[in-house]
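Throughout, a chain's letter reflects where its sequence line sits, starting with A, and its residues are numbered from 1.
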Number of protein chains: 2
Amino acid sequence: MTERVRGGSMREVARIAGVSVSTVANVLSRPAIVAADTRRRVELAIDAVGYVPNGPARQLRGLPSLLVGSVTLDLANPFYAEVNRGIEDGLAPAGCLLLAGSTDLRPDKEEQLLHLLEQQGVRGIVIAPAGTDASPLLRLNARGIPVVLLDHPRERLDLCAVAVDDALGGRLAAEHLIGLGHRRIAFLGGAVDPAPVLRRREGVRAALAAAGLELLDIRVRIHPPSLLDAAAAAVDRILAASPRPTAVVCLNDTAALGLLDGLQAAGVRVPADISVIGYDDLPIARRLAPPLTTVSQPNYELGQVAAELLLDEGRPGHTHREIRFAPNLVVRASTGPPAHIDELR
Amino acid sequence: MTERVRGGSMREVARIAGVSVSTVANVLSRPAIVAADTRRRVELAIDAVGYVPNGPARQLRGLPSLLVGSVTLDLANPFYAEVNRGIEDGLAPAGCLLLAGSTDLRPDKEEQLLHLLEQQGVRGIVIAPAGTDASPLLRLNARGIPVVLLDHPRERLDLCAVAVDDALGGRLAAEHLIGLGHRRIAFLGGAVDPAPVLRRREGVRAALAAAGLELLDIRVRIHPPSLLDAAAAAVDRILAASPRPTAVVCLNDTAALGLLDGLQAAGVRVPADISVIGYDDLPIARRLAPPLTTVSQPNYELGQVAAELLLDEGRPGHTHREIRFAPNLVVRASTGPPAHIDELR
DNA sequence: TTGAAAGCGCTAACAA
DNA sequence: TTGTTAGCGCTTTCAA
């Protein structure tokens, strides 16, 4: 049993068509320049051997790669999954493929991933950085591999970036609650948070400070077993806090869902006793009981725009730039005035 | 501004270290064979020029590719996102990277994706087929590209496969309801469903038939705007059906969530008036109100095992095989006996 | 309009 | 222990 590995090469096509490899190459890349008759013979031969162009060989010759890397926290996370889908679709017009990897927020995994992507000769990399040190990214960029920052502010870096104003998102949530009359507000976060969550927390803190209030900072260990359960288990600490908060801003919708569930189990009414705000506006948010007030951001578009920026890096007059999206407060039924608003007046 | 594109090549390293390229190659692949002193000089040079191996060149020389393709319905779908994460992790020990694409259940997109992956010279492809025709997959396999079927039974195909017994999953759901006393049972599916959902529906139908019952088949248009809303909107049709069902098996948890919400809005109690079963056991399932009875499957492991099978294809004594997972009924509070069970006796 | 030839970066067989 | 050499499949001058 002869295992014909891969489709035939250009040489085989040339042999069958009775022409040289360069003529086959011409048929493929500038058909107009080849005599109609020859072209026909070559096309027949291409079908006959089931010719498939060899990407690596093309790349070795210096043609642009069709591979684009995506480096995120976790491609199973619904947020990054949507972002990746956005990247995939943004890449499609250029015929590029998505090489996706997860860092689990570990700088060592990130570094290794970047290394592998560089070896593959990717056309560029979209990354939601796990580490705080941007120098590996600048190094990649200096070596000619375009890097686009995702869900991350550009600051003074000489790179393209797609960012959401996370601090504003936090501020919107806090101001909504302050406007409702809340004075004791908690932020439910993880023991170790990715940068966007840190910025949300600081946004909340800043808004509270501007109103002369202090943030109650509650941290849960996320990993074992799950954010959902960790958030539900945080209820005790929230209720025990003194002064007890009348509102909780959660790091994301998943945490909010867990918290909602834990509060319900504890017999605490939402929003009558405690208001809850999520972040992300996952599809389920509006179907929860009560429908969740949350801050939305354009997940899919984030990825799509990142892909477009990346593809643009190859074009002549490209200059690095940052595209900034604004988060959006979506008020539903999980927030309301605090119970004893009168006595706060 | 001289843009030094990519890191230095092996030749540059060789030049700096004052040795030949093959010595550099030796340092990299069989360091033991190189004199300690020479090796040192080469290693220094490698650092000096920031050498990064060129993957495509290696591949052109015939070394195995580090790229593995994953072709699914939609990488933003939580189920496939988890599967992809499983593949990624299953690939990691071999240092392979995940090239992920979505078909949106369209055979033309699938074909194009497979084509691109073949061009890239991937080491293999894990695929949840969109089309019903397996011949393109067999063709790929014949060309030396291992193909592993995902979430798809192997049947008589000469390929590796990782499958879940979807018909059994449907049967478990149906038998649970029949055991509770239900006689009028509906399946809530999409207008066009992927194969696994079709098999679930047939499993339900078969279990009902075995009990002398007939399936009430309800289809909703999924795409615009969302499954969640489509399911919620299906409530009218479910309530209007005659005879009106006392239980609904949903194509997945998302649909169940939408349905739960629609039922609640319509003032129908779950499970007192209607029982609801989901499928997938998403993390949110146990946090819904009421906690959702559903059928679970090992999403992450599916991907992980698929990756392992794929990697095994490269090894000497490999024979194609199928790994089959059993779905699992998870009984929670969204199912119970029908209201008028007495009159059914 | 077609073909010959060089070379991208690397590996491996072989020679020195 | 190290170097020379051929060649993987392709693109791209340049010459015929």
If you look at every strand shown and take non-hydrogen atoms under 4.0 Å, does B/R58 touch a base, only sugar-phosphate, or nothing?
-> sugar-phosphate
Are any of the side-chain nitrogens in A/R106 or A/D108 under 4.0 Å away from the carboxylate oxygens of its partner?
-> yes
Using heavy atoms and a sub-4.0 Å distance, could you list which residues of residues 22-45 of chain B are near DNA chain D? By number, please.
-> B/S22, B/T23, B/V34, B/A35, B/T38
Could you pull out the closest heavy-atom pair between B/L310 and B/R123, with the gap in Å?
-> CD1-O, 4.4 Å
Note: A/V126 and A/A306 closest approach over all heavy atoms is CG1-CB, 3.9 Å
Considering only NZ, NE, NH1 and NH2 on the basic side and carboxylate oxygens on the acidic side, decide whether A/R40 and A/D37 come within less than 4.0 Å.
-> no
Please find the earliest and latest nucleotides of DNA chain C, in the 5' to 3' direction, that have an atom within less than 4.0 Å of any heavy atom of chain B.
-> C/dC8 to C/dA12
Under a 4.0 Å heavy-atom criterion, DNA chain D is touched by chain A from D/dC8 to D/dT12
Between A/L67 and A/L99, what is the shortest heavy-atom contact and its length?
-> CG-CD2, 4.0 Å
Qualifying residue, where the test is side chain to side chain contact (heavy atoms under 4.5 Å, CB included) with B/E12 and the options are B/V21, B/V24, B/I46, B/V49 | B/V49
So which of B/L28, B/I33, B/T38 actually passes side chain to side chain contact (heavy atoms under 4.5 Å, CB included) with B/T23?
-> B/T38
For A/L63 and for A/A57, locate the closest nucleotide of DNA chain D by heavy-atom distance; then report the residue assigned to the nucleotide nearer the 5' terminus.
-> A/A57
Note: B/E88-B/R85 ion pair, threshold 4.0 Å (strictly below) = yes
Nearest heavy-atom neighbours spanning B/T103 and B/A130 | OG1-CB, 3.7 Å
What does A/P56 touch in the nucleic acid at a heavy-atom separation under 4.0 angstrom: a base, only the sugar-phosphate, or nothing?
-> nothing
Go through the steps to decide whether A/V148 and A/L159 satisfy the test side chain to side chain contact (heavy atoms under 4.5 Å, CB included), and finish with yes or no.
-> CA-CA 6 Å; A/V148 174; A/L159 299 172; over 6 Å; no
